Amino acid sequence: MKSNIQLKDLKYVYFLGIGGIGMSAIARWFLHNGFPVAGYDKTESPLTKILSQEGMQIHYTDDISCIPSDILADTAHSLFIYTPAIPANHVEKNYLLDLGIPLYKRSEILGWITEQIPTLAVAGTHGKTTTSSLLTHLLIHANKNVTAFLGGITQNYGTNFIPNKEKDNIICVVEADEYDRSFLTLHPYAAVVTSTDADHLDIYGASEQVLESFQLFVSQIQDKGFFIQKVGLDLGFNHKKATFGIESGDFQAVNIRIQNHRMVFDMLYPEGEIKDIPMRIPGFHNIENALAAAALAMQVGLTGEEVKEGIASFMGVKRRFEYHVETDEHVMIDDYAHHPTEIAACLNSVRALYPNEKIVVVFQPHLFSRTRDFLADFAQSLSLADELYLLDIYPARELPIPGVSSEKLLELINLEKKQCISKEALKLAIQEQKPRLLVTMGAGDIDLLLADLKGSLQ
């Protein structure tokens, strides 16, 4: 980050896209440290309401008159932070640029904040939110002085930002985001990479560039640092490193079994074994996430018993295999899955936990470009369901792409019971059908439907 502003001289902080999970964590850090925070977001959400209640000044109209006058009157002592999801024609963004005011990405600010704090970074195209949240919980449970910037709302703490309790001996946990190469601003003490599947090809262009970016990230780990990667990855780190995986690797899960629709496993690691680790968060992929978090936690001194107790008490992350209904009559699970690999991991785990139930899935595709790039893979993973309701593509930052639609995806899905459906029609369909097992997936605004769908089941 090349800002001339020193933290001691800073007076105001302004965000374009303050309601994003990662952006709001940074906003909370500044507010926690005594700086007035204001910002814009496209729509009001439960998270932006909480931010407002905490003391941030937030508006939802793209209008320069909504930027607080104190900030515009003293831009020399103000910091302006934006998300790459802000469109190119955004009025406020272009106004600030026309004034010659430097705008910084969240990742640049995160690198600035954490450059002098020992940082544990969690990267990967899948699993980084759950892994970084679990790692944070393990450290807090073991009474470490932690500050954390997470990409999801943890169930244990109800937040995506954990403030440090003391100013000395801080351990910082960062979810290292590969989108827009954001994680290349970080130089962590130790890091883990959970996966390097092709994604964000609207940014990277090809899978080779995705892998190259992860290799660059790994090369930035400090010389005396430590690196952990999933079995099968080779990212070229030449210092201390270890691997993790199910039944393979330096940190491995063995003897996995299901008890009362929950998973239990034993963990083998270089110094020994931890037996009978119970998981509140289900899924084979979450066992891998737990291994990655445990491996990092042990690098900063946690014992096997502390790891076991921490994993057992971790309640998960909102929208990551989150139970909304769990009764004898109905089960409703919501997951943020928006990539074919994530969808397959989620549905295979649901199938293992509920082998005798029909899986009814609601999926909202996220981004026209992602749907286009992985059309056949989406069709294959969604075919793991028994019945599918497919919503329209959520565009986020994109304009429609000709020939790319949910209808086109539906044609390729190998299911007898499948249909494209509107949000309103979906509510009625679920109310009439009342499926015993309902799974909702997607990274758009599908979460706004959850309360209605839950009500329909109950």
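These numbers come from a predicted model, not from an experiment.
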Are K275 and E273 close enough, and set up right, to give a salt bridge (Lys or Arg N to Asp or Glu O under 4.0 Å), and what steps lead you there?
-> CA-CA 6 Å; K275 296 187 71 68; E273 179 181 13; 3.6 Å; yes

Side chain to side chain contact (heavy atoms under 4.5 Å, CB included) involving K417 - partner list, sequence neighbours excluded = K358, E387

Under a 4.0 Å N-O cut-off, is there an ion pair linking D266 with R257?
-> yes

Should D452 and K423 count as an ion pair when the cut-off is N to O under 4.0 Å?
-> no

For residues T243 and D250, is any side-chain donor paired with an opposing acceptor at under 3.5 Å?
-> yes

Mind checking whether Y394 and H366 have parallel, tilted or perpendicular rings, split at 30° and 60°?
-> parallel

Could you check whether the rings of F183 and F214 sit parallel, tilted or perpendicular, using 30° and 60° as the cut-offs?
-> perpendicular

Aromatic ring pairing H141/H137, orientation class (parallel under 30°, perpendicular over 60°, tilted between) | tilted

Answer yes or no: is there an ion pair linking K105 with D177, defined by an N-O contact shorter than 4.0 Å?
-> no

Plane angle bin for F161 and H32 - parallel if under 30°, tilted between 30 and 60°, otherwise perpendicular | perpendicular

In chain order, what residues pass the side chain to side chain donor-acceptor pair (under 3.5 Å) check against Q380, with sequence neighbours excluded?
-> none

Which of these passes side chain to side chain contact (heavy atoms under 4.5 Å, CB included) with F314: L135, T136, N289, N156?
-> N156

